[in-house]
Amino acid sequence: MTSINSLAVFCGSRVGINPAYAEAGRILGTGLAHAGIRLVFGGGRIGIMGIVADAVLAAGGDVLGVIPEFLTRWEVAHDRVTELVVTDSMHTRKRRLYEESDAFLVMPGGLGTFDEAFEIITWRQLRLHDKPIFLCDVAGSVAPLVATIDHAIAQGFAAPSSRDLFEVIDGVPAVLERLKLVPAGTGGPASRL
Ligand code: AMP
């Protein structure tokens, strides 16, 4: 049994071309439910997002979806989550996702996923929170993102210590093992988010 209560998962609103991405989403969702960790996510029922949420629910777990009003149609809001919060803007949505979570996990995705990943990493750099951030590699999905950060470090635009703001983990089973070691109360208060 893990000691964290809630994990925010950032992932694609599409499934991608490699079936390994959807499979990773299914394993993640089932694992979170079995570990008693609530899924906090963007509230859609499409793409990897929907696959993770469906897998948590199928295994009897809890899901909080946070979706801005304008995306409820586009992103096809998930209608079976434990709780769905509809916000007035993307900014309110992101803050609520961050506040509700004890840690963050980046799974394969597109521009929205990158935005959320970089934002939560930079907010940690700014000491607005100290919650753990995990990047899960699935079939090489993380390498381009980390290469972008390494390039910024090599070019003198980021401190080498930027690499300590997040952890790269190879595959979902290793993520689930790592989550068991995250102590309760990690990250402190969310008042600066
Ligand atoms: P994507 O990775 O582009 O499929 O998007 C995944 C999630 O990020 C979805 O929940 C989107 O609502 C959200 N998202 C998409 N575009 C943006 C954006 N420009 N800024 C922040 N979040 C976004």
Side-chain angles (χ1 to χ4, degrees), residues 6-29 32 37-57 61-101 103-126 128-129 131 133-149 165-166 168-169 171-172 175 190 193:
S6 296
L7 178 74
V9 176
F10 305 141
C11 58
S13 55
R14 302 175 184 220
V15 291
I17 62 166
N18 188 336
Y21 304 136
E23 184 58 15
R26 271 188 285 275
I27 297 169
L28 175 67
L32 291 180
I37 300 175
R38 180 180 67 154
L39 169 70
V40 178
F41 85 122
R45 69 173 155 87
I46 53 176
I48 307 286
M49 306 170 75
I51 288 168
V52 177
D54 285 344
V56 174
L57 293 167
D62 278 350
V63 177
L64 169 65
V66 185
I67 193 162
E69 205 284 324
F70 85 96
L71 273 185
T72 53
R73 284 167 296 277
W74 273 24
E75 208 150 79
V76 202
H78 202 295
D79 52 2
R80 290 185 303 107
V81 293
T82 320
E83 189 185 353
L84 185 70
V85 172
V86 180
T87 63
D88 59 357
S89 70
M90 285 299 260
H91 286 115
T92 324
R93 173 210 225 180
K94 286 158 83 180
R95 180 194 275 163
R96 184 72 183 263
L97 287 172
Y98 303 164
E99 283 171 351
E100 293 277 354
S101 310
F104 305 96
L105 175 64
V106 181
M107 293 289 289
L111 301 187
T113 304
F114 296 156
D115 173 77
E116 291 160 342
F118 274 109
E119 183 168 81
I120 206 62
I121 292 170
T122 52
W123 286 22
R124 194 173 194 198
Q125 176 176 254
L126 296 170
L128 298 178
H129 74 90
K131 303 183 186 190
I133 302 167
F134 305 111
L135 312 186
C136 178
D137 188 68
V138 179
S141 58
V142 157
L145 197 151
V146 173
T148 301
I149 295 171
L165 297 168
F166 58 89
V168 176
I169 301 180
V172 170
V175 167
L193 286 172

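Sequence positions, counted from 1, serve as the residue numbers for this chain. As the structure is a prediction and not an experimental result, all values here were calculated from the model. Order of listing sets the numbers, starting from 1, for every ligand and every atom in it.
Within a 6.0 Å radius of CD1 in Ile17, no more than 12 heavy atoms belonging to other residues, nucleotides or ligands are found.
The heavy atom nearest to atom 7 (C) of ligand 1, considering only Gly109, Gly43, Cys11, is found in Cys11. Of all the listed residues (Val15, Leu111, Thr113, Ile67), Thr113 holds the heavy atom that lies closest to atom 2 (O) of ligand 1.
Residue Gly12 places no N or O, backbone or side chain, under 3.5 Å from any N or O of ligand 1. An N or O contact shorter than 3.5 Å links Arg93 to ligand 1 by distance. Checking only distances, Lys94 never comes within under 3.5 Å of ligand 1, N or O to N or O. Looking at Gly112 next to ligand 1, an N or O pair under 3.5 Å apart turns up.
Contact check on Arg96 versus Glu99 returns no salt bridge, with no Lys/Arg side-chain nitrogen under 4.0 Å from an Asp/Glu carboxylate oxygen.
Ligand-side atoms of ligand 1 in range of Leu71: 12 (O), range being under 4.0 angstrom from any heavy atom.
For atom 21 (C) of ligand 1, the closest heavy atom belonging to the protein is Asp115 OD2, 2.8 Å. Nearest protein neighbour of atom 11 (C) of ligand 1, counting heavy atoms only, is Glu75 OE2, 3.2 Å. Considering only non-hydrogen protein atoms, atom 22 (N) of ligand 1 sits nearest to Met90 CE, 3.2 Å.
Formation of a donor-acceptor pair under 3.5 Å by the His129 side chain with backbone atoms of Ile120 is found in this model. No donor-acceptor distance shorter than 3.5 angstrom exists from the side chain of Arg45 to the backbone of Arg80, with no hydrogens or angles considered. Between the Arg93 side chain and the Val66 main chain, a donor and an acceptor come within less than 3.5 Å of each other. No donor-acceptor distance shorter than 3.5 angstrom exists from the side chain of Ser6 to the backbone of Ser101, with no hydrogens or angles considered.
Under the 30°/60° scheme for interplanar angles, the aromatic rings of Phe104 and Tyr98 are found to stand perpendicular.
Ligand 1 has Met49 within reach: a non-hydrogen atom of the residue lies less than 4.0 Å from it.
With contacts defined as side-chain heavy-atom distances shorter than 4.5 Å, the pair Lys94/Asp115 qualifies.
For atom 19 (N) of ligand 1, no protein non-hydrogen atom is found at a distance below 4.0 Å.
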